[in-house]
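From a predicted model like this one, the values you see are computed outputs, not experimental measurements. Only heavy atoms go into these numbers, but all of them, side chains included; no hydrogens, no water, no symmetry mates. Within every chain, numbering begins at 1; the chains are lettered A, B, ... in the order of the sequence lines, protein sequences first and strands thereafter.
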2 protein chains.
Amino acid sequence: MVAIAGRLFGLGVGPGDPELLTLKALRLLRAAPVVAYPAPEQGYSFARSIVAVWLEAGQREIPIRIPIQPRQPPDAIYDAAAAELTTELERGNNVALLCQGDAFFYGSFGHLFARLASRYRIEVVPGVSSITACAAAASTPLVMRDETLAVIPATLDETEIARRLRESDSVAIVKVGRHFPKVHQTLRELGLLDSARYIEHATLPNQHVSSLACVDAARVPYFSMILIRRRGQIEGQE
Amino acid sequence: MVAIAGRLFGLGVGPGDPELLTLKALRLLRAAPVVAYPAPEQGYSFARSIVAVWLEAGQREIPIRIPIQPRQPPDAIYDAAAAELTTELERGNNVALLCQGDAFFYGSFGHLFARLASRYRIEVVPGVSSITACAAAASTPLVMRDETLAVIPATLDETEIARRLRESDSVAIVKVGRHFPKVHQTLRELGLLDSARYIEHATLPNQHVSSLACVDAARVPYFSMILIRRRGQIEGQE
């Protein structure tokens with residue numbers, strides 16, 4: 001049975017601009033009879049929207065609906081999704097699983113990988129991640145020479161955020177959303193507001209980059225980022 | 001003069017597999033009359049080799065030769081390279097500057113950006129970075145859920161490396177090269193050898209992934225990486 005099973009491709013489709021798809025992800029996407037992608041409980045899938053122009057009518061689509069505030073444990077959702085993918089793989093169909101940004105940089109792919117990797121051949125195609133996309137949008141090097149970088153979610157408490165900010169040359173705070181006021185306050189206390197840039201919707205037509213002073217805390221989306229570069233400030237950046 | 005100046009494109013060309021070029025980098029590369037890239041003092045440019053199949057005979061090429069052990073200060077090298085690019089930009093020529101991996105994730109682009117950004121229009125096109133490429137090669141998620149990631153160069157001393165390993169859920173140690181024995185020893189002392197994977201030449205035909213026990217310390221290249229994931233170990237990986 002396994003000898004004829006399909007292969008699963010975890011395709012990083014990049015941060016949002018459809019042109020930031022890699023040639024390899026495009027080739028594997030177009031060749032796959034089945035295309036799966038994460039989606040909210042209702043409404044459209046961001047990952048799918050990135051590659052929508054390349055999808056063909058004959059491809060079977062499997063949205064993996066992950067509620068933002070799940071009523072059932074996330075494990076049950078991933079179990080069900082893995083079962084649905086298993087059905088296709090056992091039929092011998094290759095499945096392209098779309099991953100916003102990069103498959104192994106946050107996101108839900110890791111949960112499905114954990115459930116399927118022991119039974120099926122999986123290839124992960126790395127994609128352009130949100131941190132490099134945000135650095136490009138902000139015209140700010142992430143790291144140079146022997147600098148250190150910390151990537152931390154804004155869900156950490158103030159003490160933990162402050163510690164990373166003190167110890168790292170460069171920090172990317174991801175998943176900012178409703179945690180913006182806490183992060184803003186921490187940066188102010190450390191005197192780092194002038195080194196921080198806020199980025200939302202990087203690489204999309206509505207991309208927005210600003211200082212933290214210009215951000216409306218009530219409107220910060222979950223997929224926003226704050227980049228702080230502490231040393232080696234580059235001349236000529238905004 | 002500036003009104004007709006060319007534009008500089010910092011193109012991330014990905015970690016090595018020519019298919020990991022983005023559609024956008026390919027479009028801008030092919031449209032550029034001038035293509036510049038870092039290269040060693042003698043021999044071929046890795047960044048150029050990634051896109052070699054796409055280069056056309058009519059494109060003027062500018063290798064930016066950066067000695068591995070420079071006799072003159074690196075600043076003088078970047079000053080000279082910036083002057084050479086300036087000549088092309090003042091002629092009105094757009095210049096595609098190739099960057100291995102991502103333009104703002106280590107690498108020399110930041111130094112040229114610092115010298116040219118105040119005078120010319122520069123667009124940075126983010127690329128697939130080595131950390132996501134290595135995670136894919138090692139079949140290891142970099143970060144999931146609310147995990148933290150530290151990216152550190154192997155040049156740090158043992159104490160600093162150990163501190164990051166204790167405080168982060170996931171650590172990417174870059175530029176390993178001759179520092180391998182120090183890193184190995186630090187990981188052993190922390191009991192983290194089983195959580196570590198060594199990766200060299202990610203995404204290239206000679207890609208090699210192994211446990212640290214199988215690495216010959218005398219043959220570790222500069223562009224190698226060690227990934228350590230401390231918690232949330234994924235079942236079924238390898």
Side-chain angles (χ1 to χ4, degrees), chain A residues 10 12 14-15 17-24 26-27 102-107 109-111 113-119 122 124-129 131-133 135-136 139-153 155-156 160 163-164 167-168 175 203 234-237, chain B residues 10 12 14-15 17-24 26-27 102-107 109-111 113-119 122 124-129 131-133 135-136 139-153 155-156 163-164 167-168 175 203 234-238:
Chain A
D17 178 349
E19 254 200 311
L20 292 176
L21 195 66
T22 64
L23 302 174
K24 184 169 187 177
L26 176 57
R27 172 174 62 83
D102 177 81
F104 277 156
F105 188 76
Y106 297 106
F109 177 75
H111 301 284
F113 180 81
R115 286 162 171 77
L116 297 168
S118 63
R119 287 182 290 148
I122 303 183
V124 176
V125 178
V128 174
S129 70
I131 49 169
T132 56
S139 294
T140 306
L142 265 179
V143 266
M144 293 173 66
R145 293 176 298 264
D146 285 347
E147 293 177 2
T148 60
L149 168 69
V151 182
I152 58 175
T155 47
L156 291 187
E160 289 295 310
R163 184 151 58 91
R164 263 82 174 188
E167 294 175 357
S168 308
K175 307 183 182 189
T203 79
I234 293 289
E235 303 155 38
Q237 74 185 53
Chain B
D17 178 349
E19 255 201 311
L20 291 175
L21 195 67
T22 65
L23 303 174
K24 184 168 186 177
L26 176 57
R27 173 173 61 82
D102 176 82
F104 277 157
F105 188 76
Y106 298 107
F109 177 75
H111 300 284
F113 180 82
R115 286 162 171 77
L116 297 168
S118 62
R119 287 182 290 149
I122 302 183
V124 176
V125 178
V128 175
S129 70
I131 49 169
T132 57
S139 295
T140 307
L142 266 180
V143 268
M144 294 173 66
R145 293 175 298 265
D146 285 347
E147 293 176 3
T148 61
L149 168 68
V151 183
I152 59 176
T155 47
L156 291 187
R163 184 151 58 91
R164 262 81 175 190
E167 293 176 357
S168 307
K175 307 183 181 189
T203 80
I234 293 290
E235 304 154 38
Q237 73 183 57
E238 293 290 313

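Heavy-atom pairs under 4.5 Å with chain B were tallied for A:I131, A:L21, A:V143; the largest tally goes to A:V143. By number of non-hydrogen pairs under 4.5 angstrom with chain A, the leading residue of B:L142, B:V124, B:L149 is B:L149.
Contacts between B:A135 and chain A at a heavy-atom distance below 4.5 Å involve backbone atoms as well as side-chain atoms. Heavy-atom distances place both the backbone and the side chain of A:E167 under 4.5 Å from chain B. Using a 4.5 Å cut-off between heavy atoms, B:T132 contacts chain A through both its backbone and its side chain. Contacts between B:P18 and chain A at a heavy-atom distance below 4.5 Å involve the backbone alone (N, CA, C, O). Contact annotation for B:L116: neither backbone nor side-chain heavy atoms come within less than 4.5 Å of a heavy atom of chain A. Neither the backbone nor the side chain of A:I122 comes within contact range of chain B; no heavy atoms are under 4.5 Å apart. Only the side chain of B:L26 comes within less than 4.5 Å of a heavy atom in chain A; its backbone stays farther off.
Between atom CG of residue A:L23 and atom OG1 of residue B:T22 there is a gap of 7.5 Å, rounded to the nearest 0.5 Å.
Panel note: side chain A:T203, backbone A:D17; a donor-acceptor pair is recorded below 3.5 Å. Listed for the B:D102 side chain is no donor-acceptor partner under 3.5 Å among the backbone atoms of B:V128. For B:K24 (side chain) and B:P126 (main-chain N/O), no donor-acceptor pair under 3.5 Å exists by modelled atom type. With hydrogens and angles disregarded, a donor-acceptor distance shorter than 3.5 Å links the side chain of B:Y106 to the backbone of A:E147.
Side-chain contact between B:T148 and A:E160 is absent, with no heavy atoms from C-beta onward closer than 4.5 Å.
The two residues B:T140 and A:F104 come nearest to each other via the heavy atoms O-CD1, 3.4 Å.
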